A.B. asks: 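Please read through the structure below; I'll follow up with questions.
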Amino acid sequence: MSGEVENPKAGGEEQKGTGASSSADEIKETWYSGLLKVTSIYGVAAGYCISASLLSIINKWAVMKFPYPGALTALQYFTSAAGVLVCGWFRVVEHDSLDLLTMWRFLPAAVMFYLSLFTNSELLLHANVDTFIVFRSLVPIFVAIGETLFLHQPWPSLKTWLSLATIFGGSVLYVLTDYHFTVMAYSWAVAYLVSMTIDFVYIKHVVMTIGLNTWGLVLYNNLEALLLFPLELLIMGELKKIEHEISDESDWHSFGVVLPVGLSCLFGLAISFFGFSCRRAISATGYTVLGVVNKLLTVVINLVVWDKHSTLIGTVGLLICMLGGIMYQQSTSKPKAVPEVKAEQTDEEQQKLLEMQSNNNEKEVTQSHQGK
């Protein structure tokens, strides 16, 4: 009898020890997974900040060393498309399979995407980075009008119009004080503004109707834009320029040219990866804040690295444009709905638990009376 009594105690002590060790292991595993998750979020955010803030600077560097915007953008398309295909092969990302009918339907969007990046490179070739940022900040004004006219979206609110007016005022201040003003540079700036506006509006229409996932859009965009490169070579005459450079045995294949071009291609792929990863890892507000930090870093790096930047008043106009961008993001962000249904369900669940506990207590009292 004594052995029978002692054995359960020993078994209970062993179970307590095992339970304590397992709970400690669970706490340790939870702490490790939490630390790993936080580290990955900060790593993705840091990668996005670095790639986004340096991309314009590196593109400017690359187009100065390799003054062929069409060929440079084609190399960027090839790197991005190949990167998505390789990552899909190793199951790192998931993308839609290639389909000829889908490619035909996506072709107009790819054409606009090609024109937007091509005019982007031409603008960086003929103007400084500050001018590029200002005209990039102007895009939401025309996109808001285009969405209303062609996508049947409601007109922007008063707060949104105020933010867009702030962007416009900052851009006017910048243009009036831009001592690097040239007709060629601002012609490409206007072309960039028009192509980006059409690209944004039409891409939104494609996203809503064609049914591709995120990486499928990246793959179709870059692959079809790459197929348009031979046509650009003939129209813009870059083929003759490249043949002339090769015949003159220029240093276009030297390390000083290959390095910025290679970095431009890699950073173009990196911003796609880190940008989409950031959108999954952090909130929309956090992503917006990172975008503002990226532009500030770009302005600071531009002031330090290049001697071709805006005046003090022009920089103030640039910062006003960025302030208008922040106001625009805040005015268009939708507040989260209060989960009233979940709160009601929680109250009901708590009421049910109280009823179950009261029923159990009544049963215990009844059983104790019956035992007596």
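Owing to the predicted nature of the structure, the values given are computational and were not obtained by experimental measurement.
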A.B. asks: Check the side chains of S157 and T160 for a donor-acceptor pair under 3.5 angstrom, ignoring hydrogens and angles.
C.D. replies: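 Checked: T160/S157 side chains pair up, N/O donor to acceptor below 3.5 Å.
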A.B. asks: If you apply the rule side chain to side chain contact (heavy atoms under 4.5 Å, CB included), what do you find for V63 with H126, and how did you get there?
C.D. replies: CA-CA 10 Å; V63 82; H126 295 92; over 6 Å; no
A.B. asks: Looking at side-chain heavy atoms only, is the closest gap between L115 and D199 below 4.5 Å?
C.D. replies: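 Side chain of L115 against side chain of D199, heavy atoms only: no contact under 4.5 Å found.
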A.B. asks: For Y77, enumerate each residue passing the ring-ring contact (aromatic ring centres under 6.0 Å, His included) test, keeping only those at least two apart in sequence or located in another chain.
C.D. replies: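 Testing Y77 for ring-ring contact (aromatic ring centres under 6.0 Å, His included), a comparison that skips the adjacent residues, returns F113, Y114.
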A.B. asks: Ring centroid separation for Y202 and F150, is it under 6.0 angstrom?
C.D. replies: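 No.
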A.B. asks: Going through the checks in order, is the side chain to side chain contact (heavy atoms under 4.5 Å, CB included) test met by V129 and I57?
C.D. replies: CA-CA 7 Å; V129 177; I57 306 294; 4.2 Å; yes
A.B. asks: Would one find more than 12 heavy atoms of other residues, nucleotides or ligands at under 6.0 Å from atom CZ of F229?
C.D. replies: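 Buried by this count: over 12 neighbours within 6.0 Å.
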A.B. asks: With a 4.5 Å limit on heavy-atom distance, are the side chains of Y192 and R136 in contact?
C.D. replies: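 A side-chain contact exists here, since the closest heavy-atom pair is under 4.5 Å.
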A.B. asks: Return yes if some donor-acceptor pair links the side-chain N/O of K65 with the main-chain N/O of V258 below 3.5 Å, else return no.
C.D. replies: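 No, because the side chain of K65 does not come within donor-acceptor range (under 3.5 Å) of the backbone of V258.
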A.B. asks: Heavy-atom count around L107 CG within 6.0 Å, excluding the residue itself: above 12?
C.D. replies: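 Yes, the 6.0 Å shell around CG holds more than 12 heavy atoms from other groups.
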A.B. asks: More than 12 heavy atoms of other residues, nucleotides or ligands under 6.0 Å from CE of M103: yes or no?
C.D. replies: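 Buried by this count: over 12 neighbours within 6.0 Å.
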A.B. asks: I would like to know whether S121 and N59 meet side chain to side chain contact (heavy atoms under 4.5 Å, CB included); could you show each step before the answer?
C.D. replies: CA-CA 7 Å; S121 298; N59 281 342; over 6 Å; no
A.B. asks: Between the main-chain N or O of A191 and the side-chain N or O of S195, is there a donor-acceptor pair closer than 3.5 Å?
C.D. replies: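 Yes, S195 side chain to A191 backbone: donor-acceptor pair under 3.5 Å.
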A.B. asks: Okay, side chain of T148, backbone of A144: is any donor-acceptor separation there less than 3.5 Å?
C.D. replies: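 Looks like yes, one N/O pair under 3.5 Å.
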